[in-house]
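Below: one structure, written as structure tokens.
Please read these numbers as outputs of a predicted model, since none were measured by experiment. Proteins come first, then strands; the chains are lettered A, B, ... in the order of their sequence lines, and each starts at number 1.
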2 protein chains.
Amino acid sequence: MFEGEHQVNMDEKGRISIPAAYRDVLRNLYTHETIVITRDFDGCLRVYPQDEWYRHVQKFHTQPQNSPEIRAYERVVISAAVTTQPDKQGRILINHTLRKHAGLIKHVTFAGGSGRFQIWDVERRDVKLMEDVIALQQARLDF
Amino acid sequence: MFEGEHQVNMDEKGRISIPAAYRDVLRNLYTHETIVITRDFDGCLRVYPQDEWYRHVQKFHTQPQNSPEIRAYERVVISAAVTTQPDKQGRILINHTLRKHAGLIKHVTFAGGSGRFQIWDVERRDVKLMEDVIALQQARLDF
DNA sequence: GGTGAATCCCCACAATTACCCACAACGAAA
DNA sequence: TTTCGTTGTGGGTAATTGTGGGGATTCACC
């Protein structure tokens with residue numbers, strides 16, 4: 001369970017420190033820090049512990065493989081996925097493709113989730129959140 | 001497993017550097033760098049390690065050979081296939097037929113997959129991805 | 001056979017990346 | 001407060017990777 005939102009700065013070389021809290025989860029819950037980074041739909045990055053990624057891909061393959069959505073999912077999410085490990089300082093290097101997709105420049109937000117987390121450009125995230133709040137105010141969720 | 005998307009530039013002579021990550025896979029997982037390049041449906045190229053290609057062709061031949069789709073597949077994919085090897089710098093030369101089919105000029109994207117990868121014109125790929133992302137945002141994939 | 005284009009086989013070099021080490025800021029413990 | 005470990009950040013260096021180009025060789029075509 002990756003908890004909370006954390007802001008960090010990407011340096012000139014494109015390296016981002018993974019929040020210590022997340023690294024603890026990786027070490028303790030998943031026994032190693034190998035992760036898989038890929039694109040997400042909302043213009044951010046999605047990060048899985050390697051085991052979770054395998055599970056995810058397996059699930060993906062149980063779907064009927066010839067629908068347009070599934071093919072799109074393969075192009076957007078599956079094919080961009082990169083396996084990597086934090087360096088000795090606990091940072092990961094984000095490659096050009098992913099950096100560009102998520103619009104990462106310097107200020108970055110990690111957003112928790114269960115079994116995975118996201119990496120956002122701070123500003124982009126703020127805009128999205130604003131939209132979300134408005135949408136929720138107008139929605140009539142019943143729980 | 002060929003991971004991630006990588007952008008490279010094709011030079012005047014039509015040579016493209018295979019991303020180092022992919023070359024590692026070829027060397028380590030397939031023991032040699034011989035590959036087969038052919039056409040793909042989406043206006044890009046499809047590349048197999050030689051072993052995978054053999055497997056693919058074999059599978060093709062188990063199909064009933066007289067349907068129009070199979071004959072089309074043979075014309076588009078099978079007959080265009082070219083076996084080649086990277087040069088000492090890790091580049092491959094793309095012949096005219098294939099280059100034209102994929103609309104390759106200079107900026108090129110490698111897109112990973114399992115057991116094979118694709119080569120796209122960057123712009124063509126970006127357009128496709130944009131469409132895909134929009135489709136995915138509206139879809140309700142459940143996995 | 002001659003000619004031009006495409007291809008192959010080298011060498012060279014700039015940009016990027018991997019792998020280090022260092023350190024300021026911060027919080028917890030003494 | 002002082003000490004100490006953790007965390008996020010910066011930067012140097014060496015190796016790797018991507019790119020450009022020269023020249024020999026092959027090939028297709030007249």
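Between the CG atom of B:Leu98 and the P atom of C:dA6 there is a distance of 15 Å, given to the nearest Å. Rounded to whole Å, the distance from NZ on A:Lys13 to C1' on C:dT16 is 10 Å. In this structure, A:Asn95 atom CG and C:dA18 atom P are separated by 10 Å, rounded to whole Å. Regarding B:Gln7, its CD atom lies at a distance of 18 Å from the P atom of C:dA15, rounded to whole Å. Following rounding to the nearest Å, B:Glu33 (CD) and D:dT17 (P) show an atom-to-atom distance of 11 Å. C:dT17 atom C1' lies 11 Å from atom CZ of A:Arg99, rounded to whole Å. Spacing between atom CD1 of A:Ile92 and atom C1' of D:dT9 amounts to 15 Å, rounded to whole angstrom units. Counting to the nearest Å, the C1' atom of D:dT17 and the CG atom of B:Asp24 are 11 Å from each other.
A cation-pi arrangement, defined by a distance under 6.0 Å to the six-membered ring centre and an angle within 45 degrees of its axis, is present between B:Arg46 and B:Phe41.
The nucleotide whose nearest atom lies closest to any side-chain atom of A:Leu93 is, among D:dG11, C:dA18, C:dT7, C:dA18. Side-chain atoms of B:Ala20 lie closest to D:dT17 of the nucleotides D:dT17, C:dC10, D:dG8. Considering only side-chain atoms of B:Lys88, the nucleotide from C:dC11, C:dC20, D:dT13 that sits closest is C:dC11.
One cannot find a donor-acceptor pair under 3.5 Å joining the base of D:dG10 and the side-chain atoms of A:Lys106.
Among the atoms of the strands shown, none is found under 4.0 Å from any heavy atom of B:Asp87. Residue B:Ile16 is classed as having no contact, given no heavy-atom separation below 4.0 Å to the nucleic acid. Residue A:Gln89 is classed as a base contact, given a heavy-atom separation below 4.0 Å to a base.
Considering only side-chain N and O atoms, A:Arg15 lies nowhere under 4.0 angstrom from the phosphate OP1 or OP2 of C:dC19.
The aromatic rings of A:Phe2 and A:Tyr22 sit perpendicular to each other, their planes meeting at more than 60°, with 30° as the lower class boundary. Below 30°, between 30° and 60°, or above 60°: for B:Tyr73 and B:Phe60 the angle between ring planes is below 30°, a parallel geometry.
Atom CD of A:Glu3 sits in a sparse spot, with 12 or fewer heavy atoms from other residues, nucleotides or ligands closer than 6.0 Å. Within a 6.0 Å radius of CZ in A:Arg71, no more than 12 heavy atoms belonging to other residues, nucleotides or ligands are found.
Nearest-nucleotide mapping onto DNA chain D: of A:Asn9 and B:Ser17, the residue sitting toward the 5' end is A:Asn9.
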